[in-house]
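Everything on this sheet refers to the single structure shown next.
Chain letters run A, B, ... following the sequence lines, proteins first, then strands; residues in each count from 1.
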2 protein chains.
Amino acid sequence: MNNRLRVLRAERAWSQQELADRLDVSRQSVNAIETGKYDPSLPLAFRIADVFGLAIEEIFLRD
Amino acid sequence: MNNRLRVLRAERAWSQQELADRLDVSRQSVNAIETGKYDPSLPLAFRIADVFGLAIEEIFLRD
DNA sequence: CTATGATGTAAAGTGACCTTGTCTTACCAG
DNA sequence: CTGGTAAGACAAGGTCACTTTACATCATAG
């Protein structure tokens, strides 16, 4: 399960902390997802999609 | 996090066991997701979307 | 140099997710 | 009616996603 989180965040010039606040999770969680330590829960994946205004399939990719 | 799993499965006349086999999880997991006991992991959500040929957003709904 | 912001990593705890096992109900053959 | 099987629910246990807390590195500003 690959994801384009880092790129999308860079496009908006957000820090991990800034994204974490918008998602209402810890900064470390954002970092862990970006570095591929684990996948987000489905509800969090939806919130991520909402924050970026994209579909889940446009952010998370089947590897 | 609401989902249309039961309806989609009924449309195809699949038992919980049949769907579970296609998803490579236990029959109980399918049941638990249908009855709203919990949400599937993101990878499983993708497999569910693949099995039904739909987007995740068409199966799982923000409540 | 000191301070601050951005990112990465680690250890420990909680609860979500998934399993195995058991149960009920319904249906059909004999 | 009885035995067998299929479908769906429920319970208890284990693994891991996710959180918190804490500490470390590097860059840049003052």
>> Using a strict threshold of under 4.0 Å (side-chain N to carboxylate O), is an ion pair present between B:E34 and B:R9?
In response: yes
>> Whole angstroms only, please: what is the CG-C1' distance between A:L44 and C:dA16?
In response: 13 Å
> With a 4.5 Å heavy-atom cut-off, do B:N31 and B:K37 have their side chains touching?
Replying inline: no
>> Any non-hydrogen side-chain atom of A:V51 less than 4.5 Å from a side-chain atom of A:R47?
In response: no
> Taking only N and O in the side chain of B:S41, is any of them less than 4.0 Å away from OP1 or OP2 of D:dA17?
Replying inline: no
Close N or O pairs between protein and nucleotides 5-11 of chain C (under 3.5 Å):
residue : atom : partner : partner atom : Å
C:dT7   : OP1  : A:R9    : NH1          : 3.1
C:dT7   : OP2  : A:Q16   : N            : 2.7
C:dG8   : OP1  : A:R6    : NH1          : 3.0
C:dG8   : OP1  : A:R6    : NH2          : 3.1
C:dG8   : OP2  : A:R6    : NH2          : 3.1
C:dG8   : OP2  : A:Q16   : NE2          : 2.6
C:dG8   : OP2  : A:N31   : OD1          : 2.4
C:dG8   : N7   : A:R27   : NH1          : 3.4
C:dG8   : O6   : A:R27   : NH2          : 2.8

>> I'd like to know if A:R62 and B:D50 make a salt bridge, using a cut-off of under 4.0 Å between side-chain N and carboxylate O.
In response: yes
> Roughly how bent is the helix from C:dC1-D:dG30 to C:dG30-D:dC1 end to end, in steps of 10 degrees, with each end axis from five pairs?
Replying inline: 20°
> Is B:S26 near enough to C:dT19 that one of its side-chain N or O atoms lies under 4.0 angstrom from OP1 or OP2?
Replying inline: yes
>> What is the distance, to the nearest angstrom, from the CG atom on B:L19 to the P atom on D:dA6?
In response: 18 Å
> Should A:I56 and B:L42 count as side-chain neighbours, where that means a heavy-atom distance under 4.5 Å?
Replying inline: yes
> Under a 4.5 Å cut-off applied to non-hydrogen side-chain atoms, are B:F52 and B:R12 in contact?
Replying inline: yes
> Rounded to whole angstrom units, what separation is found between the CG atom of B:D21 and the P atom of D:dA6?
Replying inline: 12 Å
> Quick one, which residues of residues 45-53 of chain A touch DNA chain D with a heavy atom under 4.0 Å?
Replying inline: none
>> Could you tell me if the side chain of A:V30 sits less than 4.5 Å from the side chain of A:W14, heavy atoms only?
In response: no
> How many Å lie between CG on B:L5 and P on C:dC17, as a whole number?
Replying inline: 14 Å
> B:N3 has an atom CG; how far is it from atom C1' of C:dC17, in whole Å?
Replying inline: 15 Å
> Rounding to a whole Å, what distance do you find between B:L42:CG and C:dA16:P?
Replying inline: 18 Å
> Shortest non-hydrogen contact from A:I59 to A:A49?
Replying inline: CD1-CA, 3.6 Å
> Counting distance only, does the side-chain N/O of B:N3 pair as donor-acceptor with the main-chain N or O of B:I33 below 3.5 Å?
Replying inline: yes
> Where is the tightest heavy-atom contact between A:E18 and A:A13, given as atom of each residue plus distance?
Replying inline: OE1-O, 4.3 Å
>> I'd like to check B:E58 versus B:R4 (side-chain heavy atoms, cut-off strictly below 4.5 Å). Are they in contact?
In response: no
>> Using whole Å, what does the distance between atom C1' of nucleotide D:dC16 and atom OH of B:Y38 come to?
In response: 14 Å
